[in-house]
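Bear in mind that the values here come from a model prediction, so they are computed numbers and not experimental data.
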Amino acid sequence: MAGTAQTAATFPSAGRPPLALEGVLHSPLPAPATGTLYPCVLICHPQPATSSMDDPLCRLLAEQLAAVGFLALRFNFRGVGRSEGQQTDGRLEPLDIAGAAEFMLAQPGANPRKLAIVGHAFGAIMALAYAEHDPRIATVVAVSPPIYRLDAATGSYARPKLVLTGEFDEVAPRHKLETWLEGLPNRALQIITGARHLMRGYEEVAAATAVRYLTRWAATPGV
């Protein structure tokens, strides 16, 4: 694996008034040659009341993606850590993803044709909801999206998507996700054997699964 760099970031959310959000940008080393473009991934953390961008899976994903040639941005939703504002239980958090997308695409070497989102739990729901309204999001990896939050808004994203869930996930059980996915195009479901909802103890397997998918996606022209 190549070396990586981490850079603290602050950027505004979309919407008015904009809120200052904190994040960490992970990038490959050495610095790219002139004209080199990197695929980009935004990483959305689980439930803001109990989690942050320092969630073990989010951190591992960012590190591993940068090591294989991606720009990866993990960030705190509003009201988490040093991000300004108050949590809204999903009502305004998509504006935070919009701000993260603008920040990412402004980075040197960012490939505007290869922008993806990985979201975990609450973050997976926000990723699916946001991606439907931003044609720049070319694919989504949704890790353990809570069944009780899945609705028409999260089921209308037509571009490629991968859903991961744990074998013993009590919030995103396999049988219910399979039913939800039946009517959706361009989808795949993978099960992390032995894992529960937050993937504790299974971060390496979950991250490797997402990185494999995203590496194939990044290498596929026009996808």
Side-chain angles (χ1 to χ4, degrees), residues 5-27 38-59 61-62 65-66 70-146 148-159 161 198:
Q6 297 183 33
T7 306
T10 302
F11 56 90
S13 67
R16 293 290 181 269
L19 302 173
L21 305 178
E22 69 168 335
V24 177
L25 180 67
H26 295 247
S27 54
Y38 289 132
C40 304
V41 181
L42 310 176
I43 299 175
C44 302
H45 64 76
Q47 176 55 246
T50 56
S51 188
S52 74
M53 66 177 177
D54 291 323
D55 171 82
L57 179 56
C58 292
R59 181 184 287 273
L61 273 166
L65 285 165
F70 287 75
L71 293 176
L73 176 67
R74 55 189 174 93
F75 66 95
N76 279 334
F77 284 116
R78 60 186 59 209
V80 177
R82 295 180 181 174
S83 288
E84 293 180 345
Q86 296 182 338
Q87 300 169 25
T88 69
D89 195 35
R91 187 170 60 90
L92 298 178
E93 278 78 2
L95 295 174
D96 302 343
I97 303 178
E102 294 299 330
F103 173 82
M104 175 64 90
L105 292 178
Q107 300 308 303
N111 187 343
R113 297 182 180 276
K114 288 292 181 177
L115 177 60
I117 307 178
V118 179
H120 185 190
F122 172 88
I125 298 298
M126 295 300 99
L128 289 165
Y130 174 76
E132 170 59 22
H133 301 286
D134 188 341
R136 299 173 300 181
I137 306 302
T139 192
V140 170
V141 177
V143 182
S144 300
Y148 69 92
R149 284 185 176 266
L150 292 173
D151 55 23
T154 53
S156 55
Y157 178 70
R159 292 181 290 282
K161 56 197 143 296
L198 291 178

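- The side chain to side chain contact (heavy atoms under 4.5 Å, CB included) check on Ala131 picks up Ile137, Val140, Tyr157, with sequence neighbours excluded.
- Separation of atoms SG (Cys40) and CG (Leu71) is listed at 4.5 Å; rounding is to 0.5 Å.
- In this structure, Ile97 CD1 and Met104 CE are separated by 12.5 Å, a value rounded to the nearest 0.5 Å.
- The CD1 atom of Ile117 lies 11.0 Å from the CD1 atom of Ile43; values are rounded to the nearest 0.5 Å.
- For residues 105-119, no residue pair satisfies the salt bridge (Lys or Arg N to Asp or Glu O under 4.0 Å) rule, not counting sequence neighbours.
- Side-chain atoms of Cys58 and Ser52, non-hydrogen and from C-beta on, never get closer than 4.5 Å to each other.
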task: Take Ser27 and Phe70 through the side-chain contact (heavy atoms from CB on, under 4.5 Å) test and state the conclusion after the steps.
output: CA-CA 7 Å; Ser27 54; Phe70 287 75; over 6 Å; no
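- For the side-chain hydrogen bond (donor to acceptor under 3.5 Å, both in side chains) test, residues two or more places apart in sequence or in another chain that qualify with Thr88 are Glu93.
- Judged as a ring pair (Phe, Tyr, Trp, His ring centres under 6.0 Å), and not counting sequence neighbours, the contacts of His45 are Phe77.
- Under the rule for a side-chain hydrogen bond (donor to acceptor under 3.5 Å, both in side chains), the partners of Thr139 that lie at least two apart in sequence or sit in another chain are Tyr213.
- Among residues two or more places apart in sequence or in another chain, the side chain to side chain contact (heavy atoms under 4.5 Å, CB included) test is passed with Ala98 by Ala14, Tyr130.
- Summarising the geometry of Lys161 relative to Arg159, their closest heavy-atom pair is NZ-O, 2.9 Å, with the distance given to 0.1 Å.
- Under the salt bridge (Lys or Arg N to Asp or Glu O under 4.0 Å) criterion, Asp54 pairs with Arg59, Arg74, not counting sequence neighbours.
- Between Leu115 and Leu42, the closest side-chain pair of non-hydrogen atoms falls below 4.5 Å.
- Sequence neighbours left out, the pairs with a member in residues 79-89 that pass salt bridge (Lys or Arg N to Asp or Glu O under 4.0 Å) are Asp89-Arg149.
- In terms of the salt bridge (Lys or Arg N to Asp or Glu O under 4.0 Å) criterion, residue partners of Arg136 (sequence neighbours excluded) are, by chain and number, Glu102, Asp134.
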What donor-acceptor contacts under 3.5 angstrom involve side-chain atoms of residues 122-129, with partners at least two apart or in another chain?
none

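- His120 places a side-chain heavy atom less than 4.5 Å from the side chain of Leu198.
- The side chain to side chain contact (heavy atoms under 4.5 Å, CB included) test applied to Ala49 returns Gln47, Gln87, not counting sequence neighbours.
- Residue pairs meeting the side-chain hydrogen bond (donor to acceptor under 3.5 Å, both in side chains) criterion with at least one partner in residues 12-22, sequence neighbours excluded, are Glu22-Asn76.
- Counting heavy atoms from C-beta outward, Leu73 and Phe11 have side chains that approach closer than 4.5 Å.
- Within the 4.5 Å cutoff, the side chain of His26 has no heavy atoms near those of the Leu65 side chain.
- In this structure, the separation between CZ on Arg78 and CG on Leu92 is 5.0 Å, given to the nearest 0.5 Å.
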